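Here is the structure we will look at, set down as structure tokens.
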Amino acid sequence: ERAAGVYHREARSGKYRLTFAEARAVCEYEGGHLATLQQLEAARKIGFHVCAAGWMAKGRVGYPIVKAGANCGFGKTGIVDYGIRLNRSERWDAYCYNPNGKECGGVFTDSKHVFKSPGYPNEYENEQVCYWHIRVRYGQRIHLQFLEFDVEDDTACLADFLEVYDSYDDVNGFVGR
């Protein structure tokens, strides 16, 4: 997820719950700052795709689309830009920039790749959200093998979970949790 130092953050209480000041504070708390439009575009060009609008620097709101889809991005690619918002109390997610941040996610195209949570083998931080995009050529399959997998004991899978999607479409592409 940290494509070119850019990553997406939601509020701890869920999606679209951060004012501009709160979004800025989330990024600063992690040692970064709100991403600029140019930083978000640079990340998008190397595969960063999130179907969720978020605050950026200077009070701008938008999100990066790599692959056009009917349910996200209005069928277009690029930065879906809502422009600079005059009402800084609107609630969105955040796009942070920190090139020195902990590695949490990424875009993988190698035939084999081992990825792990930040700080492994130690426990990951609370409220950790990571996105790993695994890309293969059309017709190829992806085989996921877990060498070690430890999450909180929660039968509803609300505290810790892994979700798998079969496309960039986070509505129709959902495979399971």
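Predicted model, so just to flag it, every value in this text is computed and none were measured. Nothing fancy with the numbering, it's 1 onward along the sequence.
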Self-check item: Heavy-atom closest pair, residues Ala52 and His8
Solution: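 Closest heavy-atom pair between Ala52 and His8: CB-NE2, 3.7 Å.
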Exercise. Considering non-hydrogen atoms only, spot the tightest contact between Glu22 and Arg17 and give its length.
Key: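 It is OE1-O, 3.5 Å.
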Neighbour count above 12 (heavy atom, 6.0 Å) for [X] [atom1]:
{"X": "Asn122", "atom1": "CG", "answer": "yes"}
{"X": "Phe149", "atom1": "CZ", "answer": "yes"}
{"X": "Leu86", "atom1": "CG", "answer": "no"}
{"X": "Glu28", "atom1": "CD", "answer": "yes"}

Find the distance between [atom1] ([X]) and [atom2] ([Y]) and round it off to the nearest 0.5 Å.
{"X": "Met56", "Y": "Asp93", "atom1": "CE", "atom2": "CG", "answer": "12.0 Å"}
{"X": "Leu37", "Y": "Ile84", "atom1": "CG", "atom2": "CD1", "answer": "9.5 Å"}
{"X": "Cys27", "Y": "Tyr7", "atom1": "SG", "atom2": "OH", "answer": "5.5 Å"}
{"X": "Leu18", "Y": "Arg24", "atom1": "CG", "atom2": "CZ", "answer": "12.5 Å"}
{"X": "Ile79", "Y": "Tyr95", "atom1": "CD1", "atom2": "OH", "answer": "8.0 Å"}
{"X": "Ile65", "Y": "Thr77", "atom1": "CD1", "atom2": "OG1", "answer": "9.0 Å"}

Exercise. If a pair satisfies ring-ring contact (aromatic ring centres under 6.0 Å, His included) and one of its residues is in residues 61-91, list it, with sequence neighbours excluded.
Key: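 Every ring-ring contact (aromatic ring centres under 6.0 Å, His included) pair that includes a residue of residues 61-91, provided the two are not neighbours, is Tyr82-Trp92.
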Quiz item: Passes side-chain contact (heavy atoms from CB on, under 4.5 Å), Asp81 versus Arg60? Steps please.
Solution: CA-CA 8 Å; Asp81 186 4; Arg60 183 172 233 114; 3.0 Å; yes
Practice problem: Only one of Val66, Val50, Val6 passes side-chain contact (heavy atoms from CB on, under 4.5 Å) with Arg44; say which it is. | Solution: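 So the option named by the test is Val66.
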[Y] side chain reached by [X] side chain, heavy atoms, under 4.5 Å:
{"X": "Leu34", "Y": "Phe20", "result": "yes"}
{"X": "Pro64", "Y": "His49", "result": "no"}
{"X": "Gln145", "Y": "His143", "result": "yes"}

Quiz prompt | Same apolar cluster: Val114 and Ile142, side chain cutoff 4.5 Å | solution =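 The answer is no; the residues belong to distinct hydrophobic clusters.
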Quiz item: Is it the case that Arg91 places NZ or CZ above or below the six-membered ring of Tyr16, under 6.0 angstrom from the centre and within 45 degrees of the axis?
Solution: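 Output no; distance or angle outside limits.
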Quiz item: Hey, are Lys15 and Glu10 close enough for a salt bridge, meaning a charged N less than 4.0 Å from a carboxylate O?
Solution: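 Salt bridge absent between Lys15 and Glu10.
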